[in-house]
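The structure under discussion appears below in the form of structure tokens.
Values below: all heavy atoms of this structure, side chains included; hydrogens, waters and symmetry mates excluded.
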Amino acid sequence: MENWVAVIVAEKPTEGKAVKAKADGKPVLLAKVNDKLYAMDNVCPHLGCFLHRGDLSGHLITCPCHDWVFDIRTGEFTAAPEIKIPVFPVKTKNGEILILMEGLH
């Protein structure tokens with residue numbers, strides 16, 4: 001059975017912006033690009049910084065602590081694709097944002 005979980009956000013993501021959220025108590029980044037929502041773990045694997053504080057340019061988010069750049073579609077670190085942040089399928093239902101929790105650590 002799929003585990004779709006409601007995302008709690010202080011503000012809804014707007015076009016070209018990343019926002020912090022929580023899903024099942026875990027930090028999640030939500031971003032809206034080209035009218036599509038993306039969700040990924042909000043913690044950089046290098047220093048543990050919150051990625052939503054970084055700069056979003058297209059589908060790329062830059063960590064605010066040390067400039068690592070990740071693709072929000074795949075979670076890949078652009079300089080070393082073998083390093084990945086978990087990404088999650090997103091859907092909306094009755095105005096609520098849901099993500100598929102499989103793989104969230």
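- Atom CZ of Phe50 sits about 10.0 Å away from atom SG of Cys65, to the nearest 0.5 Å.
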Step-by-step side chain to side chain contact (heavy atoms under 4.5 Å, CB included) determination, Ile97 to Leu37: CA-CA 9 Å; Ile97 300 170; Leu37 285 175; 4.1 Å; yes
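- A distance of 6.0 Å separates NZ in Lys91 from NZ in Lys93, rounded to the nearest 0.5 Å.
- Residue Pro45 comes nearest to Ile83 through the heavy atom pair CG-CG2, 4.0 Å, listed as atom of the first residue, atom of the second, then distance.
- Look at Lys20 and Glu11 and you find no salt bridge, because none of the NZ, NE, NH1 or NH2 atoms lies under 4.0 Å from a carboxylate O.
- Counting heavy atoms from C-beta outward, Pro89 and Trp4 have side chains that approach closer than 4.5 Å.
- Between Cys44 and Cys49 the SG-SG gap reaches or exceeds 2.5 angstrom.
- Below 30°, between 30° and 60°, or above 60°: for Tyr38 and His59 the angle between ring planes is above 60°, a perpendicular geometry.
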Side chain to side chain contact (heavy atoms under 4.5 Å, CB included) between Val19 and His52, worked out: CA-CA 5 Å; Val19 298; His52 76 275; 5.8 Å; no
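- With a 6.0 Å radius and a threshold of 12 heavy atoms from other residues, nucleotides or ligands, Lys36 has its NZ atom at or below the threshold.
- Between Lys32 and Glu15 there is no salt bridge, since no side-chain N of the basic residue sits under 4.0 Å from a carboxylate O of the acidic one.
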Val69 and Ile61: CA distance, side-chain angles, deciding distance, side chain to side chain contact (heavy atoms under 4.5 Å, CB included) verdict: CA-CA 6 Å; Val69 179; Ile61 187 90; over 6 Å; no
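- Side-chain contact between Met101 and Val5 is present, with at least one heavy-atom pair separated by less than 4.5 Å.
- Annotation for Lys12 and Gly95: closest pair NZ-O, 3.3 Å, computed over non-hydrogen atoms.
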Residues Glu76, Phe70; criterion side chain to side chain contact (heavy atoms under 4.5 Å, CB included); working and verdict: CA-CA 5 Å; Glu76 289 180 355; Phe70 297 90; over 6 Å; no
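- Screening Ile99, Ile85, Leu30 for a side-chain contact (heavy atoms from CB on, under 4.5 Å) with Met40, the sole residue that qualifies is Ile85.
- Look at Arg73 and Asp71 and you find a salt bridge, because one of the NZ, NE, NH1 or NH2 atoms lies within 4.0 Å of a carboxylate O, short of that distance.
- Looking at heavy atoms from C-beta onward, Val90 lies out of side-chain contact with Val7 at the 4.5 angstrom threshold.
- Under the 4.5 Å side-chain criterion, counting only non-hydrogen atoms from C-beta, Val28 is not in contact with Asp41.
- Scanning both residues, Ala18 and Leu56, for their nearest heavy atoms gives N-CD2, 3.9 Å.
- Classified by interplanar angle (parallel below 30°, tilted 30° to 60°, perpendicular above 60°), the ring pair His66/His46 is perpendicular.
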